[in-house]
Enquirer: 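Quick one: structure below, then a few questions.
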Amino acid sequence: MAFTIAIDGPAAAGKGTISRAVAAHFGFAHLDTGLLYRAVGRKMLDGVEPILAAQELVPDDLQVEGLRTAAVGQAASRVAAIPEVRAALLDFQRAFARRDGGAVLDGRDIGTVICPEAEAKLFVTASAEVRARRRYEELVAGGAVTDFETVLAETRERDHRDATRADAPLKPATDAMMIDTSELDVEAAVAAAISAVEARSLERVKG
Ligand code: CDP
Ligand code: CDP
């Protein structure tokens, strides 16, 4: 049986962390859709035309090192504004979402465009300062040389680009449950997400 959990939100809101924990809790498969755009962004930086890169993307491209850097994040958000790139990645995401055994997908447009029929939708957010602080700490822990103000400016730039593009802009689905993680640690955010999914499943069973 298929059961799709859609988790959307801006950069470093905690989507990936929550998605992995929710998938493990329910025994579902997980797809970080940001990695698809990062892989295409990476290829663009290497000189490949982005629409072609998206059309020819293979699962091994998601295993490449260095997809998590700030430069690849910016490139990802640029290629993500190209409608043909988004279209080329659609079927793979939809097939993943409807696989047997349940799936969690996290990204920007899962609840609005990829899986509008998802059984449960969450929109995970946090203030730009809190998100930039988290991303800054991750980058520094990974050995990157940067400063908080730069990461904050990049976070705001990417938020703006993602929310204002014409095709599949970042926004909560009307039926998404909102989780603000600004003042939640990982454990509390995960617990809130699991309760929200359980509440929504119960509503569906009761009809
Ligand atoms: O990890 P982080 O939240 O920083 O970014 P990501 O989820 O890896 O996404 C990188 C970029 O891909 C985003 O800034 C979006 O522009 C784009 N993206 C998208 O357009 N749609 C998705 N479903 C996922 C990511
Ligand atoms: O996937 P997304 O870009 O939304 O965020 P992430 O990569 O899951 O999380 C970014 C960082 O914030 C990670 O280092 C998490 O450990 C941390 N964090 C979190 O995810 N949730 C909280 N409630 C607190 C911190």
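Every heavy atom of this structure was used, including side-chain atoms; hydrogens, water molecules and symmetry mates were not. All ligand and atom numbering here is 1-based and tracks the order in the structure.
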Enquirer: Enumerate the atoms of ligand 2 whose separation from the nearest heavy atom of A189 is less than 4.0 angstrom.
Expert: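 Ligand 2 atoms under the 4.0 Å threshold to A189: 23 (N).
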
Enquirer: Out of all atoms in ligand 1, which are within 4.0 Å of some heavy atom of G107? Include the element for each.
Expert: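 Contacts of ligand 1 toward G107, numbered from 1: 22 (C), 23 (N), 24 (C).
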
Enquirer: Can you list the atoms of ligand 2 that are under 4.0 Å from a heavy atom of G16?
Expert: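 Those atoms are 1 (O), 2 (P), 8 (O).
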
Enquirer: Taking non-hydrogen atoms only, is V124 closer than 4.0 angstrom to ligand 2 via side chain, backbone, both or neither?
Expert: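 The answer is neither; V124 stays 4.0 Å or more away.
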
Enquirer: With respect to atom 23 (N) of ligand 1, which of D109, V40, T155, D159 exhibits the smallest heavy-atom separation?
Expert: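 Looking at heavy atoms only, D109 sits closest to atom 23 (N) of ligand 1.
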
Enquirer: How does A81 reach ligand 1, by side chain, by backbone, by both or by neither, if only non-hydrogen atoms under 4.0 Å count?
Expert: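 Near ligand 1, A81 shows nothing, with every heavy atom at 4.0 Å or more.
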
Enquirer: Show which atoms of ligand 1 fall inside a sub-4.0 Å distance from at least one heavy-atom site of A76.
Expert: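 Answer for ligand 1: 10 (C), 11 (C), 12 (O).
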
Enquirer: Angle between ring planes, F148 versus Y136, binned at 30° and 60°: parallel, tilted or perpendicular?
Expert: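 F148 vs Y136 ring planes: perpendicular.
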
Enquirer: Test of understanding: given a 4.0 Å heavy-atom threshold, classify the contact between E137 and ligand 2 as side chain, backbone, both, or neither.
Expert: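 It is neither; nothing of E137 touches ligand 2.
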
Enquirer: Quick check on contacts: which atoms of ligand 2 are under 4.0 angstrom from a heavy atom of L184?
Expert: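 Selected atoms, number and element: 22 (C), 23 (N), 24 (C).
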
Enquirer: For atom 13 (C) of ligand 2, which of R131, E187, E138 has the closest heavy atom?
Expert: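 Checking each option, the heavy atom nearest atom 13 (C) of ligand 2 is found in E138.
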
Enquirer: Go through ligand 1 atom by atom and flag the ones less than 4.0 Å from a non-hydrogen atom of D162.
Expert: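 Under 4.0 Å from D162, ligand 1 has these atoms: 13 (C), 14 (O), 15 (C), 16 (O).
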
Enquirer: Test R38 against every option in V64, T33, D61, V72 by the side chain to side chain contact (heavy atoms under 4.5 Å, CB included) rule and name the one that passes.
Expert: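 Testing each of V64, T33, D61, V72 against R38, the sole residue satisfying side chain to side chain contact (heavy atoms under 4.5 Å, CB included) is V72.
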
Enquirer: For ligand 1, which atoms, with element, lie under 4.0 Å from some heavy atom of G34?
Expert: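 Going through ligand 1 atom by atom, the ones under 4.0 Å from G34 are 6 (P), 7 (O), 8 (O), 9 (O), 24 (C), 25 (C).
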
Enquirer: Identify the protein heavy atom lying closest to atom 7 (O) of ligand 1, giving its residue, its atom name and the separation to 0.1 Å.
Expert: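 Atom 7 (O) of ligand 1 sits closest to the protein heavy atom R108 NH1, 3.1 Å.
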
Enquirer: Can you find an N/O atom of K15 closer than 3.5 Å to an N/O atom of ligand 1?
Expert: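 There is such a contact, yes.
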
Enquirer: Just jot down the ligand 1 atoms closer than 4.0 angstrom to any heavy atom of A80, in number order.
Expert: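 What qualifies from ligand 1 is 16 (O), 17 (C), 20 (O).
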
Enquirer: So do E119 and I5 actually touch side chain to side chain, heavy atoms under 4.5 Å?
Expert: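 No. Closest side-chain heavy atoms not under 4.5 Å.
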
Enquirer: Show which atoms of ligand 1 fall inside a sub-4.0 Å distance from at least one heavy-atom site of R135.
Expert: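 Contacts of ligand 1 toward R135, numbered from 1: 1 (O), 2 (P), 4 (O).
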
Enquirer: Among protein heavy atoms, which lies nearest atom 8 (O) of ligand 1, and at what distance?
Expert: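 Its nearest protein heavy-atom neighbour is R38 NE, 2.6 Å.
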
Enquirer: Examine the proximity of ligand 1 to R158 and report which part, side chain or backbone, both or neither, has a heavy atom under 4.0 Å away.
Expert: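 Side chain only.
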
Enquirer: With backbone taken as N, CA, C and O and side chain as the heavy atoms from C-beta onward, which portion of R134 lies under 4.0 Å from ligand 1: side chain, backbone, both, or neither?
Expert: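 It is neither part, as no heavy atom is under 4.0 Å.
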
Enquirer: My understanding is that we take every heavy atom of each candidate and find the minimum distance to atom 19 (C) of ligand 2. Doing that for T181, V190, V186, which one comes out nearest?
Expert: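 Looking at heavy atoms only, V186 sits closest to atom 19 (C) of ligand 2.
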
Enquirer: Considering both backbone and side-chain atoms of R68, is one of its nitrogen or oxygen atoms within less than 3.5 Å of a nitrogen or oxygen in ligand 1?
Expert: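 R68 vs ligand 1: no N/O contact under 3.5 Å.
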
Enquirer: Would you check whether Y37 has a nitrogen or oxygen atom less than 3.5 angstrom from a nitrogen or oxygen atom of ligand 1?
Expert: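 Min N/O separation from ligand 1 is not below 3.5 Å for Y37.
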
Enquirer: Show me which atoms of ligand 2 lie under 4.0 Å from any heavy atom of T17.
Expert: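 Ligand 2 atoms under the 4.0 Å threshold to T17: 6 (P), 8 (O), 9 (O), 15 (C), 20 (O).
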
Enquirer: Evaluating non-hydrogen atoms only, which member of G14, A12, A13, G73 is closest to atom 3 (O) of ligand 2?
Expert: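 Considering heavy atoms of G14, A12, A13, G73, the nearest to atom 3 (O) of ligand 2 sits in A12.
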
